[in-house]
Amino acid sequence: MSRVVITGGSGRLGRSLVTGLADAGHEIVSLDRAGAPELDRDGIAQIGVDLSDADATVRALTDARADALIHLAAIAVPFSAPEDVIIRTNTGIAQSVLGGAVAAGIGRIVAASSPTVLGYSAPGWVPERLPLDERTPPRPANAYALSKLVIEQTLAMLRRQTGDAVRYAAFRPCYVIAPEEWAGAVTQQGHTVRQRLDDPALSAPAVFNYVDARDVASFAGTLLAALHDIPNGETFFVGADDALAREPLAALLPRFFPGTEEVAAALTGTAPAFSTAHARALLGWRPGFGWRDQLAGDAAASSSADSAAARTAPDALRSTRKEQPA
Ligand SMILES: NC(=O)c1ccc[n+]([C@@H]2O[C@H](COP(=O)([O-])OP(=O)(O)OC[C@H]3O[C@@H](n4cnc5c(N)ncnc54)[C@H](O)[C@@H]3O)[C@@H](O)[C@H]2O)c1
């Protein structure tokens, strides 16, 4: 078992990662400027630090005496701050944390990126092919997405400096749903899971992607264990096996992304727009949670009524520009 530093451990995704990896037997040090009472338990140390302070960060990373790092801390919601603040904050913290981890002698370094690097928030977006995967070229369309691409490139830069003695990977989690959110707590964008299913316009900006936070924790554990055995510097999408939608995306996508009729035709049944085949092939990982199981017994989950689908797609997308998924 490892000693793992997790930055942003008090956050929506961080709490599930911290508890999931602690339950798997890892010792966890969470570095976050905020505390989380539910993380007060054996095997988890919470250290308060402002990660935009590079000196304080490298001190905290050195004191942690960890052999692995998972970097989550960031402004996690596009357009939740001015664009210049988002790019400066996320890339600055990443440099402090990832560079600090190398300086502290941490041998396995993992960072959270985002599917948004692909640029599907751009007006008129039509991908060359679907499902989207790690070969799809990144074309960020806002400062948040650009900051995530810079974070991926920061890992590549550090690898050029250290060589393969240090192992690196990035992962792009889909729209994270924390366990309490299945029971009705609001998700990152302020609506419940059921509301996102009832009104496809809410999930369309994320191209109907999602992932249970516990699946991200299982992915992270699998990745950490494999980092010495897979090619260095890999990037992975981490998502559910299905789409967060009641209709096949072959029918739904063209309504919200005009011009995708041809490429979306492959997404029949419950197929998602984001492939996790790379994680399955390289790590043997696959997600264990899906909305149909989590909402089973709930009438709303199986409802086929979908009046909101009649909304005109471009208007729906415009109205959510300020609220785009991470
Ligand atoms: N939630 C999603 O759907 C989603 C999807 C894709 C990628 N991501 C990425 O995953 C990561 C975690 O997302 P989240 O939803 O848990 O975000 P969150 O906002 O819930 O948590 C972020 C945590 O980072 C901490 N933090 C931020 N700046 C800090 C600083 N300067 N010093 C110390 N701590 C700081 C915050 O206190 C918070 O606890 C982010 O990098 C985000 O971009 C999230």
Side-chain angles (χ1 to χ4, degrees), residues 5-20 29-39 46-57 60-61 69-81 85-98 100 110-118 120-121 140 142-152 154 170-181 185-191 193 196 203 205-207 209-213 215-217 219-220 235-240 244 274 323-326:
V5 177
I6 299 179
T7 69
S10 299
R12 178 182 298 275
L13 173 56
R15 294 190 299 275
S16 285
L17 261 190
V18 167
T19 52
V29 180
S30 170
L31 302 185
D32 199 304
R33 63 184 169 202
E38 62 267 48
L39 302 183
Q46 296 193 69
I47 309 294
V49 59
D50 178 359
L51 298 164
S52 62
D53 178 336
D55 293 336
T57 300
L61 289 166
L69 166 100
I70 301 176
H71 173 50
L72 303 177
I75 296 176
V77 180
F79 302 114
S80 61
V85 174
I86 291 181
I87 192 83
R88 225 178 14 251
T89 303
N90 287 359
T91 58
I93 292 178
Q95 182 61 51
S96 303
V97 170
L98 303 174
V110 173
S113 178
S114 161
T116 59
V117 297
L118 300 189
Y120 41 79
S121 66
N142 56 52
Y144 170 81
L146 179 60
S147 77
K148 290 297 176 180
L149 186 58
V150 172
I151 289 168
E152 292 183 9
T154 304
F171 65 101
R172 299 169 175 168
C174 292
Y175 190 81
V176 173
I177 300 185
E180 65 274 15
E181 292 165 3
V186 292
T187 64
Q188 188 201 52
Q189 298 292 323
H191 355 88
V193 179
R196 287 177 81 79
S203 201
V207 204
N209 75 31
Y210 78 105
V211 65
D212 187 298
D215 275 331
V216 185
F219 167 84
T235 298
F236 299 93
F237 281 103
V238 182
L244 193 64
F274 295 78
E323 284 187 9
Q324 294 199 4

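Counting convention: from 1, in listed order, for ligands and their atoms alike.
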Problem - Nearest heavy atoms of Pro140 and Leu149, plus distance in Å - result: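 Of all heavy-atom pairs spanning Pro140 and Leu149, the closest is CG-CD2, 3.7 Å.
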
Exercise for the section: Considering non-hydrogen atoms only, spot the tightest contact between Leu17 and Ala220 and give its length. Expected result: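 Shortest heavy-atom contact: CD2-CB, 3.6 Å.
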
Does [Y] offer a backbone N or O that forms a donor-acceptor pair with the side chain of [X] under 3.5 Å?
X	Y	value
Tyr175	Val207	no
Thr7	Ala73	yes
Arg33	Asp50	no
Ser80	Ala76	no
Asn209	Cys174	no
Ser203	Arg196	no
Asp53	Ala56	yes

Residue-ligand contact [X]/ligand 1, heavy atom below 4.0 Å:
X	answer
Ala36	no
Ala111	no
Arg15	no
Val49	yes

Which of the atoms of ligand 1 are close to [X], meaning less than 4.0 Å from one of its heavy atoms?
X	value
Cys174	3 (O), 5 (C)
Lys148	40 (C), 41 (O), 42 (C), 43 (O)
Ala73	24 (O), 26 (N), 35 (C)
Ser113	7 (C)

Exercise for the section: Examine Ile93 against ligand 1 and note whether any of their N/O atoms are separated by less than 3.5 Å. Expected result: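 Among all N and O atoms of Ile93, none is under 3.5 Å from an N or O of ligand 1.
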
Problem - Distance-only N or O hit between ligand 1 and Tyr175, under 3.5 Å - result: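 For ligand 1, there is no N or O atom that lies under 3.5 Å from one belonging to Tyr175.
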
Exercise for the section: Kindly state whether the ring of Phe79 and the ring of Tyr144 have centres lying under 6.0 angstrom apart. Expected result: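 Centroid distance Phe79-Tyr144: not below 6.0 Å, so no.
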
Tell me the protein heavy atom at minimum distance from [atom], and give that distance in Å.
atom	answer
atom 20 (O) of ligand 1	Arg12 N, 2.8 Å
atom 11 (C) of ligand 1	Leu72 O, 3.3 Å
atom 32 (N) of ligand 1	Leu51 N, 2.9 Å
atom 3 (O) of ligand 1	Val176 N, 2.8 Å
atom 16 (O) of ligand 1	Leu13 N, 2.8 Å
atom 31 (N) of ligand 1	Asp50 OD1, 3.1 Å
atom 37 (O) of ligand 1	Asp32 OD1, 2.6 Å
atom 17 (O) of ligand 1	Ala76 CB, 3.2 Å

Handout entry: Tyr120 and Phe274 aromatic ring geometry - parallel, tilted or perpendicular at 30°/60° bounds
Key =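 The arrangement is perpendicular - the two ring planes meet at more than 60°.
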
Exercise for the section: Report the part of Arg33 (side chain from C-beta onward, or backbone N, CA, C, O) that has a heavy atom under 4.0 Å from ligand 1; answer both or neither where that applies. Expected result: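 Near ligand 1, Arg33 shows its backbone as well as its side chain.
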
Handout entry: Salt bridge present between Glu180 and Arg12 (N-O < 4.0 angstrom)
Key =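 A salt bridge is absent here (no side-chain N lies under 4.0 Å from a carboxylate O).
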
